[in-house]
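Read the structure below first, then the notes.
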Amino acid sequence: MILVTGATGNIGSALLRELQACGAGPIRGLTRDAARAAFPEGVEVVEGDFAETASLEPALEGVRSLFLVSRLGSDADILGAARQAGVEHVVLVSSITVQTHPHLSPAAENLAVERLLQDSGMAWTILRPTQFASNALMWAASIREKETVRMPYADIGLPTIHPADIASVTRVALTEPGHRGRTYALTGPERVTARQQVGSIAAALGQEVPFAEIGREEAHARMATVFGAEAADAVLDVMGGDVNEALQQVRDTVAQVTGSPARPFRQWASENATAFR
C-alpha cells in the first residue's frame with residue numbers, strides 16, 4: 001500500500017495518476033475532505049488532518065510506502081506515527097534552498113525535517129525541488145481581470161520545475177529499486193525569468209498580458225501582508241535578492257531518474273491556461 005499525502009495538490013494529484021497508470025498496486029490518497037476529492041478510479045480515498053496526528057492512524061494502516069510534503073503539521077509526530085504503523089519507506093519533498101540558502105529560516109526548517117526522517121529508522125528518499133511552475137498561479141486573478149502583473153527581479157532566471165516532474169521522480173522512487181538513501185536536487189530544463197513566464201502564459205492564452213517590474217520594497221509590502229515580514233524577505237531573497245549560482249544551476253536529475261526530460265515552463269502554461277482565463 002502506498003499513501004499519497006497532499007493528494008489533491010499539484011504534486012499529489014499528478015502522482016496518483018502516475019501510480020495508477022503504472023499499476024503500482026494498492027494506492028491511497030489522503031485528503032481533509034473526501035467528499036470534495038476527485039481521485040483516479042481505483043485510488044482509495046481517506047480523510048485525515050496533519051494538524052491532528054491521531055486522525056492519520058486509519059490512513060496509515062497497512063501502508064508500506066509514504067509520500068510526504070513537509071511542514072504541514074508536526075513532522076516529528078507524523079513520522080513517528082508512520083514508523084509505528086509499519087511504514088518502511090518515505091519519499092519527502094523538501095526544498096533546494098536547503099543547499100542553496102541554508103541561512104534562511106525556511107531552509108533550516110526543511111533541513112530539520114530531513115534529519116528527522118533520516119533518524120527515523122525508516123528508509124528515505126529526499127527530493128529538493130527548486131521554484132515550482134505552479135507558483136505562477138499567484139498571477140491568475142490579475143491576468144483574469146486584465147490587470148498588470150507586477151514582479152520584482154523580472155529578468156533573473158531560475159530553473160523552474162513542473163510539479164508533474166516532481167511526481168514522476170516520486171513515482172520512480174516509490175516503485176523502483178535503487179533510490180532509498182538518496183537525495184535528489186530537482187530543477188526544470190532551463191532558466192526562465194518572471195517576464196518570460198508571463199510571456200509563456202500570454203502565448204498560451206493568445207492574448208497580451210501587461211507586465212511591470214517593481215522594486216523590492218513594494219514587493220515586500222505586498223508579500224508581508226500574506227506571509228509576514230520575515231518570510232517575505234526569505235521569498236524575495238530566493239527570487240533574486242540573494243540569487244546564487246547553485247540556485248540557478250540547471251540539473252538533469254529528472255531525466256536521469258525517470259528517463260524523460262524535464263518539462264519546460266511553457267508546457268505547464270499551456271496545460272494550465274484555463275486557470276488564467
Side-chain angles (χ1 to χ4, degrees), residues 2 4-7 9-24 27 40 65-70 89-101 106-107 110-111 113-114 117 123-137 156-194 196-197 200-201 204 238-239 243-272:
I2 297 172
V4 175
T5 67
N10 292 312
I11 305 171
S13 57
L15 176 57
L16 287 178
R17 291 192 295 271
E18 288 214 16
L19 289 170
Q20 196 252 9
C22 77
I27 309 164
S65 298
L66 171 66
F67 169 70
L68 180 63
V69 178
S70 68
H89 179 212
V90 178
V91 177
L92 173 72
V93 177
S94 181
S95 169
I96 205 166
T97 58
V98 168
Q99 59 200 77
T100 65
H101 289 73
N110 275 306
L111 179 60
V113 180
E114 290 184 12
L117 174 57
W124 51 268
T125 306
I126 293 170
L127 310 183
R128 292 176 176 172
T130 187
Q131 180 187 73
F132 289 13
S134 53
N135 288 0
L137 290 169
I156 292 180
L158 298 176
T160 300
I161 189 166
H162 194 310
D165 282 328
I166 305 172
S168 295
V169 172
T170 301
R171 185 258 307 162
V172 172
L174 287 169
T175 61
E176 298 180 14
H179 302 284
R180 298 188 179 196
R182 303 291 299 274
T183 299
Y184 293 123
L186 306 177
T187 75
E190 60 191 359
R191 295 179 186 176
V192 57
T193 69
Q196 290 169 332
Q197 289 182 41
S200 291
I201 294 168
V238 173
M239 287 176 62
V243 73
N244 56 40
E245 184 177 349
L247 184 65
Q248 291 185 297
Q249 180 183 346
V250 175
R251 296 167 170 84
D252 64 353
T253 318
V254 171
Q256 288 182 357
V257 174
T258 68
S260 298
R263 300 162 173 91
F265 180 85
R266 62 183 176 275
Q267 179 175 338
W268 181 90
S270 177
E271 291 170 351
N272 293 273

Give a yes or no answer on whether the side chain of [X] reaches the backbone of [Y] with a donor-acceptor pair at less than 3.5 Å.
X      : Y      : value
Thr253 : Ala185 : yes
Gln248 : Gly157 : yes
Asp165 : Ala262 : no
Thr125 : His179 : yes

Output the distance between atom [atom1] ([X]) and atom [atom2] ([Y]), rounded to the nearest 0.5 Å.
X      : Y      : atom1 : atom2 : value
Leu92  : Leu127 : CG    : CG    : 7.5 Å
Glu18  : Thr170 : CD    : OG1   : 9.0 Å
Leu158 : Met239 : CG    : CE    : 8.5 Å
Thr97  : Gln131 : OG1   : CD    : 12.0 Å
Ser270 : Arg263 : OG    : CZ    : 13.0 Å
Ile166 : Ile161 : CD1   : CD1   : 4.5 Å

Legend entry - Trace of the side chain to side chain contact (heavy atoms under 4.5 Å, CB included) decision for Val98 with Thr183: CA-CA 11 Å; Val98 168; Thr183 299; over 6 Å; no
Might you point out which heavy atoms bring [X] and [Y] nearest each other, and give the distance in Å?
X      : Y      : value
Phe132 : Thr160 : C-CG2, 3.5 Å
Thr5   : Leu68  : OG1-CA, 3.4 Å
Ala246 : Arg251 : O-NH1, 3.2 Å
Ala164 : Ala14  : CA-CB, 4.2 Å
Ile27  : Gln20  : CD1-N, 3.6 Å
Tyr184 : Gly178 : OH-O, 4.2 Å

Does a donor on one side chain sit under 3.5 Å from an acceptor on the other, for [X] and [Y]?
X      : Y      : answer
Ser70  : Asn110 : yes
Ser134 : Asn10  : yes
Gln249 : Thr187 : no

Inset, instruction - Please test Val169 against Thr258 for side chain to side chain contact (heavy atoms under 4.5 Å, CB included), starting from the C-alpha separation and ending with a verdict. - result: CA-CA 6 Å; Val169 172; Thr258 68; 3.9 Å; yes
Inset, instruction - Considering only NZ, NE, NH1 and NH2 on the basic side and carboxylate oxygens on the acidic side, decide whether Arg128 and Glu114 come within less than 4.0 Å. - result: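 The answer is yes: the pair qualifies as a salt bridge.
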Legend entry - Those residues that, when tested against His101, pass ring pair (Phe, Tyr, Trp, His ring centres under 6.0 Å) (two or more places apart):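 So His101 forms a ring pair (Phe, Tyr, Trp, His ring centres under 6.0 Å) with His103.
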Inset, instruction - Using a cut-off of 6.0 Å, state whether more than 12 heavy atoms not belonging to Arg182 lie near its atom CZ. - result: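 Count not over threshold, so no.
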Inset, instruction - Would you indicate whether Gln256, at its atom CD, is surrounded by more than 12 heavy atoms from other residues, nucleotides or ligands within a distance under 6.0 Å? - result: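 Yes, the 6.0 Å shell around CD holds more than 12 heavy atoms from other groups.
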Inset, instruction - Can you sort out the partners of Asn272 under side chain to side chain contact (heavy atoms under 4.5 Å, CB included), two or more places apart, ordered by chain and number? - result: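 By the side chain to side chain contact (heavy atoms under 4.5 Å, CB included) rule, Asn272 matches Trp268.
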